[in-house]
Enquirer: 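Structure in structure tokens, see below.
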Amino acid sequence: MSGAGTDRIAPSPGTDGRGRVPRPGVEVLTARDVPLGGPRAMTVRRTLPQRARTLIGAWCFIDHYGPDDVGVTGGMDVAPHPHIGLQTVSWLFSGEIEHRDSLGSHAFVRPGELNLMTGGRGISHTEVSTPGTTVLHGVQLWVALPGEHRDAARDFRHHVPDPVRRDGAVIRVFLGSLAGDTSPVPAFTPLLGAEIVLEPHATAILDTDPAFEHGLLVDQGSIRLDGTLLRAAELGYLGPGHGEVTLVNETDAPARAVLVGGTPFDEEIVMWWNFVGRSHDDIVEAREEWEAGSDRFGHVDGYPGARIPAPALPNATIAPRGNPTRPKGSTR
Ligand code: MN
């Protein structure tokens, strides 16, 4: 166990000068560029995990890409590859991705439509941008499954949230509840995932669950989150204890972000390649089974190319990771 919950302070009834509970500040996490590899040149901006933070709720991976001219980058073409212990969430702002998996799912990921795949004990899938896609722009997020559900059966869900208008914001709730809308897609731990578009000069004050920690990934423009300015591609982290968040767009152009949240995930995890386990041995076993063509991951039909071989394991034991008990850079 990481003990990550021990220094998280419950909301106090004291107030600041404006009648609000004083709250710890926003931690700004910047992205690093990661090439996806393979014959094509697509690069993503990764804000989670990083040294200062492994998880936000059960969210354990945030990749942000585009807007990319696929005529230049070649788009996305990810051959069959495995996952364990996690769910993948694909959310697009533009473009279209064709998804196939070993559950037999064949689906298209389109802007404003949630595609959620549960890996559990083992799944494999492919992700390919469609020929009609000219600009590819979106996020891929991973959710760590809690220990009791880490071997969950393969699953695939699609959901198109109705946009909710609130305070100059247009909100699409793809997981959990926000602004009066609740996604019908179930989660294994309390989670929130939503796209928020702010009109120019809009201020949106949104009720949030004080038991949740949150992350706001700014996609387009800049947004002030509870007083802290976040620029495009930055992730603002806010710890538990906040019954509302305030998002301000101070600019003359629309701004867009993805808000994720959840109750602190107080299990340590081992993340390596496409796997989330609990120990180095979990990873070694999954890797061996993928390399051996085990039924654990099934088979993806309809993809013309070869599957992706697992990379070599590091020489050292892969260490479990949790969140730091005191976030780096925290002022409290
Ligand atoms: Mn994948």
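Indexing begins at 1, ligand by ligand and atom by atom, following the structure's order. Both backbone and side-chain heavy atoms feed into the values below; hydrogens, waters and symmetry mates do not. Predicted model only: the values in this text are computed from it and were never measured.
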Enquirer: Hey, are the side chains of L259 and L178 touching, using non-hydrogen atoms and a 4.5 Å cut-off?
Expert: yes
Enquirer: For the aromatic rings, using the six-membered ring if either is Trp, is the centroid distance between H106 and H99 under 6.0 Å?
Expert: no
Enquirer: Near the Mn ion (ligand 1), which protein N/O/S atoms fall under 2.8 Å?
Expert: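 Protein N, O or S atoms closer than 2.8 Å to the Mn ion (ligand 1): H81 NE2, H83 NE2, H125 NE2.
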Enquirer: So, are R296 and E285 salt-bridged, with charged N and O less than 4.0 Å apart?
Expert: yes
Enquirer: Do L192 and S177 make a side-chain contact, defined as non-hydrogen atoms from C-beta onward lying under 4.5 Å apart?
Expert: no
Enquirer: In chain order, what residues pass the ring-ring contact (aromatic ring centres under 6.0 Å, His included) check against H299, with sequence neighbours excluded?
Expert: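 So H299 forms no ring-ring contact (aromatic ring centres under 6.0 Å, His included) with any residue.
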Enquirer: Under 6.0 Å between ring centres: does that hold for H83 and H125?
Expert: yes
